[in-house]
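Written below as structure tokens is the structure these notes are about.
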There are 2 protein chains.
Amino acid sequence: MSSLDHVFHALSDPTRRALLARLVEGEATVAELLQPFEISQPSISRHLKVLEDAGLISTRISGNARPRRIEPAAFEAISDWLEQYRMIWSENYARLDDVLETMKTKEPKT
Amino acid sequence: MSSLDHVFHALSDPTRRALLARLVEGEATVAELLQPFEISQPSISRHLKVLEDAGLISTRISGNARPRRIEPAAFEAISDWLEQYRMIWSENYARLDDVLETMKTKEPKT
DNA sequence: TATTAATATAACTATTTAGCTATATAGTCA
DNA sequence: TGACTATATAGCTAAATAGTTATATTAATA
């Protein structure tokens, strides 16, 4: 059973996607993640468990709190999966090499 | 309710992902799509409906048959969504928390 | 027109899920 | 230690889902 099952299932819920969107700004505790929502703390904890089981986030122990953070690898897995379909919508399908070339020469960091 | 709900839900099933993988090679009828699987024809038809409701595929009428094809726009939507996380894993950004440390201690690749 | 072929729909069952409230666990602090 | 804080877990309910078989629909063909 592919882990993509869990990844895509986790992403199918808007609350969970919102949690990820918050976590992309940095680590956050359950209390912090809970705040913008109207749902209960146990529900948030369960959503976080689904995200963690999917490998999308991880938990760190910090005294009383359990801050969560994004796990990059899972997103990379999605990107890899999506790659096999990129040719389908890319306008540059016929010139895929050009696309790759463009990616190589993208702006260098300062 | 975002359509990404439906898209990610559709993708969470391995049978449906396999159907998409077949369709990336080109249009196929239900009978053709059914063949590699051990599940019933109605099940496949329902999976196809889920994929179509998500906008991932579309149906054409051809006499008796209803060949399905990939719909590129939905994949583009996934790619767009994923884009907001790309910084997380691309280049040296293995982990957002480590960005500053990394930039201090590591020479960016040329 | 009657038959066959391709596909969809209905009706049922078992499983999963998202929400809730109540409670348990574990760390911090006075 | 006792109170408080942060979070997890248990147990419940309602809704959704994936599978099944049986049947309906529609086009092609003899």
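Sequence lines set the chain letters: A, B, ... in the order given, protein chains first and strands last, and positions in each chain run from 1.
- Counting to the nearest Å, the P atom of C/dT7 and the CG atom of B/Leu19 are 13 Å from each other.
- With rounding to whole Å, A/Arg16 atom CZ is found 12 Å from C/dG19 atom C1'.
- B/His47 places its NE2 atom 16 Å from the C1' atom of C/dT7, with the value rounded to the nearest Å.
- Here B/His9 pairs with nothing under the side-chain hydrogen bond (donor to acceptor under 3.5 Å, both in side chains) rule; sequence neighbours left out.
- An OP1 or OP2 oxygen of D/dA8 is reached within less than 4.0 angstrom by a side-chain nitrogen or oxygen of A/Ser45.
- A/Arg22 pairs by the side-chain hydrogen bond (donor to acceptor under 3.5 Å, both in side chains) definition with nothing, not counting sequence neighbours.
- Here D/dT17 presents its P atom at 17 Å from CZ of A/Phe8, a figure rounded to the nearest Å.
- Each of A/Thr15 and B/Leu48 lies near DNA chain C, and the nucleotide nearest B/Leu48 is the one positioned closer to the 5' end.
- B/Leu51 contributes atom CG, which lies 11.5 Å from atom OG of B/Ser58 (distance to the nearest 0.5 angstrom).
- Rounded to whole Å, the distance from NZ on A/Lys49 to P on C/dA18 is 12 Å.
- Atom pair A/Ile44:CD1 and C/dG19:P shows a separation of 8 Å (rounding to whole Å applied).
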Can I get a per-line list of side-chain donor-acceptor pairs under 3.5 Å for residues 75-84 of chain A, giving both atom names and the distance, sequence neighbours left out?
from    : atom 1 : to      : atom 2 : distance (Å)
A/Glu83 : OE1    : A/Arg86 : NE     : 3.1
A/Glu83 : OE2    : A/Arg86 : NE     : 3.2

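- Every side-chain hydrogen bond (donor to acceptor under 3.5 Å, both in side chains) that B/Arg60 has, sequence neighbours left out, goes to B/Glu27.
- Rounded to whole Å, atom C1' of C/dT7 lies 15 Å from atom CZ of B/Arg60.
- A close approach under 4.0 Å does not occur between any side-chain nitrogen or oxygen of B/His9 and OP1 or OP2 of C/dT17.
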Task: Nucleotide-resolved protein contact map, nucleotides 20-30 of chain D, B/S/- at heavy-atom distance under 4.0 Å - done: BBB---BBS--

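- For the side-chain hydrogen bond (donor to acceptor under 3.5 Å, both in side chains) test, residues two or more places apart in sequence or in another chain that qualify with A/Thr59 are A/Glu52, A/Arg68.
- If you take CG of B/Asp13 and C1' of C/dT17, they are 15 Å apart, rounded to a whole angstrom.
- Considering B/Val30, B/Thr29, B/Leu34 in turn, B/Thr29 is the only one that fulfils the side-chain contact (heavy atoms from CB on, under 4.5 Å) rule with B/Glu32.
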